[in-house]
Amino acid sequence: MADVYSLPKLRYGYAELAPYVSELQLTIHHQKHHQAYVSGANSIFERMEKARKEGADYDAKSTLKELSFNVGGHVLHSLFWDNMAPSGQGGGSPGGRLGDAIDKEFGGIERFKKEFAKAAATVEGSGWAALAVEKASGKLLIMQIEKHNTNLYPNSSILLVLDVFEHAYYIDYKNDRAKFIDAVWSIVNWDEAARRLG
Ligand code: MN
């Protein structure tokens with residue numbers, strides 16, 4: 001069976017997010033951690049296909065839980081890489097429709113950043129903070145995702161996501177998650193987030 005997923009190429013070089021994310025941190029994060037979710041999901045798809053061909057069972061509860069974790073890991077990392085920009089090209093504030101939507105929902109960019117950073121800082125264990133738009137209402141929502149797959153809102157599109165697994169920052173920031181969160185604002189790619197809002 002052909003692989004369903006493959007590790008996406010980054011839009012920038014491994015050294016281009018420095019000093020906010022170092023070349024070594026980004027390289028390991030992308031090539032080892034993200035790759036593990038790609039491989040994990042592909043191998044579960046393979047196992048399921050094999051079971052179907054053979055008319056055999058698979059353990060639904062454990063398999064689907066593992067699949068959710070790995071698919072979530074792959075999809076979130078793919079979004080994360082693209083919503084960062086090389087040093088000097090990111091940061092600032094969003095304009096256009098996204099800027100207006102953030103002002104309307106949160107009362108301004110500074111208030112949004114404060115709420116988002118708090119969500120990221122307080123993820124229990126490993127996870128993510130995300131800004132999403134719930135499609136039925138068009139409302140912007142902050143998600144606090146545990147692992148890669150808990151506390152997501154259904155039918156919502158992610159505009160911006162921040163990885164706060166320790167593997168995202170341990171080389172550069174040791175255990176200082178707050179310092180990492182603060183640094184990432186300097187390399188946020190708001191144009192990509194705005195493009196996702198449409
Ligand atoms: Mn990660």
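None of the values given here were measured: they were computed from a predicted structure. Worth knowing before you read on, the calculation uses all heavy atoms, side chains too, and leaves out hydrogens, waters and symmetry mates. Every number for a ligand or one of its atoms is a count from 1 in the order of the listing.
Applying the ring-ring contact (aromatic ring centres under 6.0 Å, His included) test to Phe180 and every residue at least two apart in sequence or in another chain returns Tyr169, Tyr173. Under the salt bridge (charged side-chain N to carboxylate O under 4.0 Å, His left out) criterion, Arg196 pairs with Glu192, not counting sequence neighbours.
Ordered by chain and number, His29 NE2, His77 NE2, Asp163 OD2, His167 NE2 make up the set of protein N, O or S atoms under 2.8 Å of the Mn ion (ligand 1).
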Taking only distance into account, with no hydrogens and no angle test, what donor-acceptor pairs under 3.5 Å do side-chain atoms of residues 101-110 form with protein atoms, sequence neighbours excluded?
from, atom 1, to, atom 2, distance (Å)
Glu105, OE1, Lys139, NZ, 3.2
Glu105, OE2, Lys139, NZ, 2.8

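By the 30° and 60° cut-offs, the orientation of the rings of His29 relative to Phe80 is tilted.
Two residues are said to be in side-chain contact when any heavy atoms from C-beta on lie closer than 4.5 Å; Tyr5 and Val71 meet this criterion.
Using modelled atom types, no side-chain atom of Ser157 and backbone atom of Val133 make a donor-acceptor pair closer than 3.5 Å.
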